[in-house]
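Contents: one structure, followed by commentary.
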Amino acid sequence: MPAASGRSVLFHYPILNMGGAEKSTLRLMKALADRGWAVTLVLTTGGGQLEADVDPRVEIVRLRPGGHGVRFAAARGLAERLKALPDLLAYGTGRLIGAIRMLPFLGRRFDAAAVMIHSLDPFFVTRVVRADQKIVWIRNDLKGIDPDGWVAAQLQRYAPDIDHFVSVSGVSLHSLLEAVPGARGKAGVVYNVLDAGGMRALGQAAADPFPPRSAPEEVRILTVGRLSDRDKAIFRLVEVARALKDRGLAFRWYLIGDGPDRRALEQRIAAADVADRVILMGQSGNPFPAYRHADLVAMVSNHEGLCGVINEAKVSGAAVLAVKVSGIDEQLTDGDNGWVIDNNETAIIEALSDLIQSPEKVARVRNDRYPAAILDDALKLDQIEALFLGHRP
């Protein structure tokens, strides 16, 4: 499709912290700017870690100052909100500032406006922003991440005002159609923009980030992601490492990322006496050299949409082991370009134990074979532009 000169799109996101959805949003905005779109990014809260990485052609509007009422806004249930009462004034102030900063959008017009994550209230995009097409991105399996149905109910409430729902995997699409009847006839799959060439270049941009092996047979396992046990299951990772250590296996398990459960994770690592095996490397703006130099990338999350870490690892040619989560069967063929196992602690222990002792098996899946539909950024962008312009791709 030719450059869309004169076209404009608005994206709404809560806060631009480090994460797969955030990074895919950055790539999408850059790709659309490359195609001539005028892109506006509206952040509910400013100050996120990835704001500095936004393409300079993108206009950024922050509705609320960074940190205003974040603790109160994140609280769930009466008990948590009572503890967060000192933050209530800041929360109210932040809401007032946000409402005032929304007002100029009543006088602006966009070809399209999109809510970039399903859990964000679509009020601003559907009721305030003036746009010909209004879209919501669905980034996860709603059955897995929405047990009380709160997100589904919100999407159903706004469904009459939403023109398209974009799911990042077939499984997330199926879960959406089951949970939100109003999405039927308006939803489809568009995989996340990857920029595989850019990822490979980043992998070459830095040296091996790992310390020397303690023994030639030591296997480097890598996990990348937010340190959140609810979504990424990082606590059971410690139990797996303890079991592997008890079996006398030579490995070190490196974790790249940060998040709310880091302190609790450090405590569990110490209590399990695996600080010599589980190493927290902190946050990294460029994990790609680590993908290149790891022996095995392990994805052991409770929930994913279409796992960005698997995308990054396979583009980098890494060997990957993944538990069964939403979208994984669209990314990996077991035994060909990765290993897919049941999503439980026992399965993870047995699979890693086998692979640590079987370098020839790991070598078989050390490749960059990947589904063409996930790699084809031009096709994805054509599909997205068609939706933004009111056409079914």
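Everything quoted here is computed from the prediction, not taken from an experiment.
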Looking at every non-hydrogen atom in both residues, tell me the closest pair between [X] and [Y] and how far apart they are.
| X | Y | answer |
| --- | --- | --- |
| Met299 | Val325 | CE-CG2, 3.5 Å |
| Ile234 | Leu227 | CD1-C, 3.6 Å |
| Arg236 | Asp229 | N-OD1, 4.3 Å |
| Lys314 | Val320 | CD-CG2, 3.8 Å |
| Lys143 | Ser175 | N-CB, 4.2 Å |
| Val9 | Phe110 | C-CD2, 4.0 Å |

From CA spacing to verdict: side chain to side chain contact (heavy atoms under 4.5 Å, CB included), Asp231, Asn140 = CA-CA 11 Å; Asp231 298 324; Asn140 219 314; over 6 Å; no
Between [Y] and [X], is there a salt bridge with N-O shorter than 4.0 Å?
| X | Y | result |
| --- | --- | --- |
| Arg242 | Asp246 | yes |
| Arg262 | Glu266 | yes |
| Glu51 | Arg62 | yes |
| Lys324 | Asp342 | yes |
| Arg35 | Asp382 | yes |
| Asp161 | Lys134 | no |
| Asp276 | Lys245 | yes |

For the hydrophobic clusters of this structure (ILVMFWY residues joined by side-chain heavy atoms under 4.5 Å, transitively), does one cluster hold both Leu381 and Leu379?
-> no
Please answer: with hydrophobic residues joined when any side-chain heavy atoms are less than 4.5 Å apart, are Val190 and Val171 in the same cluster?
->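 Shared cluster, no.
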Return the [atom1] to [atom2] distance between [X] and [Y], rounded to the nearest 0.5 Å.
| X | Y | atom1 | atom2 | answer |
| --- | --- | --- | --- | --- |
| Leu255 | Lys232 | CG | NZ | 12.0 Å |
| Glu350 | Leu355 | CD | CG | 11.5 Å |
| Arg292 | Leu202 | CZ | CG | 11.5 Å |
| Asp146 | Asp141 | CG | CG | 10.0 Å |
| Leu32 | Ser8 | CG | OG | 11.5 Å |
| His293 | Arg220 | NE2 | CZ | 8.0 Å |

Decide yes or no for [X] and [Y]: does some side-chain heavy atom of the first lie under 4.5 Å from some side-chain heavy atom of the second?
| X | Y | result |
| --- | --- | --- |
| Arg200 | Val315 | yes |
| Ile349 | Glu345 | yes |
| His164 | Phe388 | no |

Can you label the angle between the Phe124 ring and the Phe105 ring as parallel, tilted or perpendicular, going by 30° and 60°?
-> perpendicular
Can you find a side-chain donor-acceptor pair between Thr44 and His12 that sits under 3.5 Å?
->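 Present: a donor and an acceptor within the cut-off.
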Would you check if there is a donor-acceptor pair between the side chains of Glu22 and Asn17 at a distance under 3.5 Å?
-> no
Any chance you could lay out the salt bridge (Lys or Arg N to Asp or Glu O under 4.0 Å) test for Glu312 and Lys23, step after step, and finish with the verdict?
-> CA-CA 11 Å; Glu312 294 174 353; Lys23 289 192 286 185; 3.0 Å; yes
Step by step, would you call Tyr370 with Asn311 a side chain to side chain donor-acceptor pair (under 3.5 Å)?
-> CA-CA 9 Å; Tyr370 215 44; Asn311 285 343; 2.5 Å; yes
Hydrophobic side-chain clustering at under 4.5 Å (ILVMFWY, transitive links): who's grouped with Leu96? Put none if nobody.
-> Ile100
Audit row: Arg139, Ser24, side chain to side chain donor-acceptor pair (under 3.5 Å) steps and yes/no = CA-CA 11 Å; Arg139 297 191 175 274; Ser24 70; 3.1 Å; yes
Side chain to side chain contact (heavy atoms under 4.5 Å, CB included) evaluation trace for Val309 with Tyr291 | CA-CA 10 Å; Val309 168; Tyr291 290 129; 3.7 Å; yes
Go through the steps for Lys380 and Asp376 under the test salt bridge (Lys or Arg N to Asp or Glu O under 4.0 Å), then give the verdict.
-> CA-CA 7 Å; Lys380 301 169 205 172; Asp376 191 345; over 6 Å; no
